[in-house]
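Along the sequence shown, residues are numbered consecutively beginning with 1.
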Amino acid sequence: MSFDYDLFVIGGGSGGVRAARLAASEAGARVGLAEEYRMGGTCVIRGCVPKKLMVYASGFAHAVEDARAYGWQVHGGEFDWSLFKARLDDELTRLEGVYRGNLERAGVEIFDSRAVLTDPHTVRLADGTEKTARHILIASGGRPFVPEFPGSELAITSNDVFLFESLPKRILIVGGGYIACEFACILNGLGVEVTQFYRGAQILRGFDDEARGHIAGAMCAQGVDLRVGCNVQRIDRVEDGLWVKATDGGDAVFDAVLFATGRRPNTDGMGLEEAGIALGANGAVAVDEWSQSSVPSVYAVGDVTDRIALTPVAIREGAAFVETVFKGNPTRADHDLVPGAVFTRPEYGSVGLTEEEARGRGQIEVYSTAFRPMQSGFAGRPDRVMMKLIVAAESRKVLGCHIVADQAGEMIQLAAVAIKMGATKEDFDRTVAVHPTMAEELVTMKVPVRTG
Ligand SMILES: Cc1cc2nc3c(=O)[nH]c(=O)nc-3n(C[C@H](O)[C@H](O)[C@H](O)COP(=O)(O)OP(=O)(O)OC[C@H]3O[C@@H](n4cnc5c(N)ncnc54)[C@H](O)[C@@H]3O)c2cc1C
């Protein structure tokens with residue numbers, strides 16, 4: 001049977017772009033790709049990249065304060081959102097062009113269109129044309145999810161933050177996950193009055209408890225009005241903004257209410273179930289370790305599979321799919337010991353098990369320290385950093401590393417290499433400290449603070 005393409009990719013985000021480019025450039029496959037919004041996907045257009053640029057923007061208020069403490073005669077300035085936003089828009093357009101150019105140079109045929117499946121080898125584009133392919137890769141990502149309640153249509157999501165014409169004066173952020181916490185810190189740093197509701201007992205569920213407490217404390221100290229055990233009951237539009245009735249009985253008016261209460265895989269209305277593709281919880285495409293769906297010609301990678309929703313993971317899954325299907329080199333994406341960062345203020349970098357997870361898996365030793373780092377201590381800031389290692393008592397392997405500090409994302413990348421290689425506590429101890437740094441604490445912690 002002959003097909004229009006060897007591979008048709010639905011979605012031009014992190015996973016789809018990588019798979020399409022590698023299949024075309026390294027395996028010589030005939031590849032088509034459909035993207036319904038902007039090339040680059042969530043990460044480039046409304047996720048990691050614009051968010052990190054906003055993290056940088058939000059850090060300057062503190063940097064100016066620190067500069068004064070270090071003897072600089074700096075006179076305060078105002079943050080101009082419209083100036084920043086114009087530069088941000090230009091940068092995203094530039095990156096979008098880079099992604100498109102890379103695909104075109106690899107020989108991928110791009111369709112600026114929505115694509116849906118009509119059968120296991122056919123997709124239909126928005127103009128009704130159909131394209132056939134030996135293999136179809138679903139890389140359609142995810143979208144923010146807002147639960148339904150009275151006034152929920154007045155809530156915005158993370159997608160809308162990057163489109164603000166002007167910054168709200170008062171914002172309510174609902175959610176306790178990393179996206180909610182990052183935006184709370186970013187907007188607080190940019191001078192917005194931030195209230196954050198989280199219905200659970202502590203933010204950043206699933207992360208290490210000690211780190212969660214540390215970050216929550218730091219966020220409150222910086223002025224985020226964090227209310228745990230609290231949710232939104234209803235929202236009404238009133239003259240001066242949005243009136244929010246909270247489940248704890250309180251009420252207040254905000255200029256914007258941002259829901260960051262989780263994401264759902266983008267599978268609605270894509271013809272997947274009709275084509276026989278099994279979906280799992282929340283509508284995610286169910287895949288095996290090779291990213292193959294229940295229909296042999298259809299694979300899926302990235303957030304749409306609801307495995308680990310991070311850009312580098314989507315990229316690895318896309319690359320592993322190409323190795324397996326187009327290069328005769330069966331390769332599983334490795335989901336073990338994936339490091340990650342939460343770009344709160346301070347940042348949180350983590351890899352491996354949390355203390356709570358490790359406790360269920362045998363005897364452990366916990367090495368942990370919290371201290372005022374030199375840089376902010378000199379500036380008179382109360383910030384404290386946290387360094388923590390979780391060690392298997394018997395094998396001595398470091399099972400987890402948790403760092404809460406400025407630049408923790410940079411530090412954890414390197415600690416992750418050692419831990420992925422199977423480093424023991426004694427390997428860390430044998431490594432000479434780099435002085436004076438914060439990270440030197442990782443190799444100088446001598447006595448466990450807890451065992452269990
Ligand atoms: C606010 C925010 C911050 C984030 N920060 C980080 C971070 O710091 N680090 C990190 O690693 N990850 C971060 N992420 C997660 C990261 O963005 C995702 O894990 C990653 O983008 C997933 O890539 P993907 O290819 O699966 O999907 P996506 O990047 O979402 O791409 C999917 C693409 O498919 C398109 N599409 C959907 N349906 C169709 C269709 N039917 N036809 C055609 N096109 C379609 C969409 O328009 C989209 O462009 C963040 C996410 C958000 C929302």
### Query
Would a 4.5 Å heavy-atom cut-off, applied to side chains only, mark Thr305 and Ser291 as touching?
no

### Message
Please check this pair: side chain of Arg100 against backbone of Met39, looking for a donor-acceptor N/O pair closer than 3.5 Å.
### Response
no

#### Entry: Min side-chain heavy-atom separation Arg361-Leu353 under 4.5 Å
yes

### Message
Within a 6.0 Å radius of atom CZ on Arg21, are there more than 12 heavy atoms belonging to other residues, nucleotides or ligands?
### Response
yes

### Task
Please check if atom CZ in Arg372 has more than 12 non-hydrogen atoms from other residues, nucleotides or ligands closer than 6.0 Å.
yes

### Verdict with supporting geometry, Tyr348 and Asp208, side-chain contact (heavy atoms from CB on, under 4.5 Å)
CA-CA 10 Å; Tyr348 172 29; Asp208 187 85; 3.5 Å; yes

### Message
Does Glu153 have more than 12 heavy atoms from other residues, nucleotides or ligands lying within 6.0 Å of its CD?
### Response
yes

### Query
Is there a donor-acceptor contact under 3.5 Å from the side chain of Thr311 to the main chain of Ser14?
no

### Query
Is the shortest heavy-atom distance from the side chain of Ile138 to the side chain of Ser293 under 4.5 Å?
no

### Query
Crowded around Arg199 CZ? As in, over 12 foreign heavy atoms under 6.0 Å?
no

### Task
Run the numbers on Arg94 and Glu91 for salt bridge (Lys or Arg N to Asp or Glu O under 4.0 Å), then give the verdict.
CA-CA 5 Å; Arg94 185 187 72 79; Glu91 178 61 4; 2.9 Å; yes

### Query
Do any N or O atoms from the side chain of Ser294 and from the backbone of Ala278 form a donor-acceptor pair under 3.5 angstrom?
yes

### Test item: side-chain donor near acceptor, His62 and Arg381, under 3.5 Å
no

### Message
As a quick check of understanding, evaluate side-chain hydrogen bond (donor to acceptor under 3.5 Å, both in side chains) for Asp90 and Thr93, giving each step before the final call.
### Response
CA-CA 5 Å; Asp90 287 349; Thr93 303; 5.5 Å; no

### Task
Report the C-alpha distance between Ile412 and Cys401 in whole Å, list the side-chain angles of each, state the deciding distance to 0.1 Å, and finish with yes or no for side-chain contact (heavy atoms from CB on, under 4.5 Å).
CA-CA 8 Å; Ile412 204 70; Cys401 177; 3.8 Å; yes

### Message
Looking at Asn188 and Gln222, would you say the former's side chain and the latter's main chain have a donor-acceptor pair under 3.5 Å?
### Response
yes

### Query
Would one find more than 12 heavy atoms of other residues, nucleotides or ligands at under 6.0 Å from atom CZ of Phe60?
no

### Query
Taking Ser140 for the side chain and Asn266 for the main chain, is one N or O donor matched with an acceptor at less than 3.5 Å?
yes

### Query
So do Val224 and Ile173 actually touch side chain to side chain, heavy atoms under 4.5 Å?
no

### Query
Can you find a heavy atom in the side chain of Thr444 that is under 4.5 Å from one in the side chain of Met387?
no

### Query
Do Met270 and Leu117 pass the side-chain contact (heavy atoms from CB on, under 4.5 Å) test, and can you show the C-alpha distance, the side-chain angles, and the key distance before you say yes or no?
CA-CA 6 Å; Met270 282 181 58; Leu117 238 65; over 6 Å; no

### Query
Out of Phe149, Tyr198, Phe183, Phe145, which one pairs with Phe259 under the ring pair (Phe, Tyr, Trp, His ring centres under 6.0 Å) rule?
Phe149

#### Entry: Trace of the side-chain contact (heavy atoms from CB on, under 4.5 Å) decision for Arg212 with Arg205
CA-CA 8 Å; Arg212 296 165 72 193; Arg205 188 163 64 90; 4.0 Å; yes

### Query
Is the backbone N or O of Lys169 less than 3.5 Å from a side-chain atom of Asp255, with the two atoms forming a donor-acceptor pair by type?
yes

### Query
Backbone N or O of Ala86 within a donor-acceptor pair of the Asp89 side chain at under 3.5 Å?
no

### Lys NZ or Arg CZ of Lys51 over Phe343 ring: under 6.0 Å, within 45°
no

### Message
Just checking Arg450: does its CZ atom have more than 12 heavy atoms from other residues, nucleotides or ligands closer to it than 6.0 angstrom?
### Response
yes

### Evaluation steps, salt bridge (Lys or Arg N to Asp or Glu O under 4.0 Å), between Arg170 and Asp225
CA-CA 11 Å; Arg170 308 155 294 180; Asp225 181 7; over 6 Å; no

### Query
Any chance OH of Tyr99 has more than 12 other-residue heavy atoms, nucleotides or ligands included, within less than 6.0 Å?
no

### Main-chain N/O of Gly283 paired with Thr267 side-chain donor or acceptor, under 3.5 Å
yes

### Message
Keeping Thr354 on the side-chain end and Phe207 on the backbone end, is there a donor-acceptor pair under 3.5 Å?
### Response
no

### Message
side-chain hydrogen bond (donor to acceptor under 3.5 Å, both in side chains) for Tyr367 and Glu365? Distances and angles first, verdict last.
### Response
CA-CA 7 Å; Tyr367 296 81; Glu365 291 177 357; 2.5 Å; yes

### Task
Report yes if some heavy atom in the side chain of Tyr299 is under 4.5 Å from a heavy atom in the side chain of Leu137; otherwise report no.
yes

### Query
Around Lys397, counting heavy atoms of other residues, nucleotides and ligands shown, do more than 12 lie under 6.0 Å from its NZ?
no

### Message
Could you tell me if the side chain of Thr42 sits less than 4.5 Å from the side chain of Asp303, heavy atoms only?
### Response
no

### Query
Where does the angle between the aromatic ring planes of Trp81 and Phe164 fall among parallel (under 30°), tilted (30 to 60°) and perpendicular (over 60°)?
perpendicular

### Query
Short question: side chain of Asn282, backbone of Ala284 - any donor-acceptor pair under 3.5 Å?
no

### Message
Given the ring of Phe162, does Arg46 sit roughly above its face, with NZ or CZ under 6.0 Å from the centre of the six-membered ring and within 45° of the axis?
### Response
no

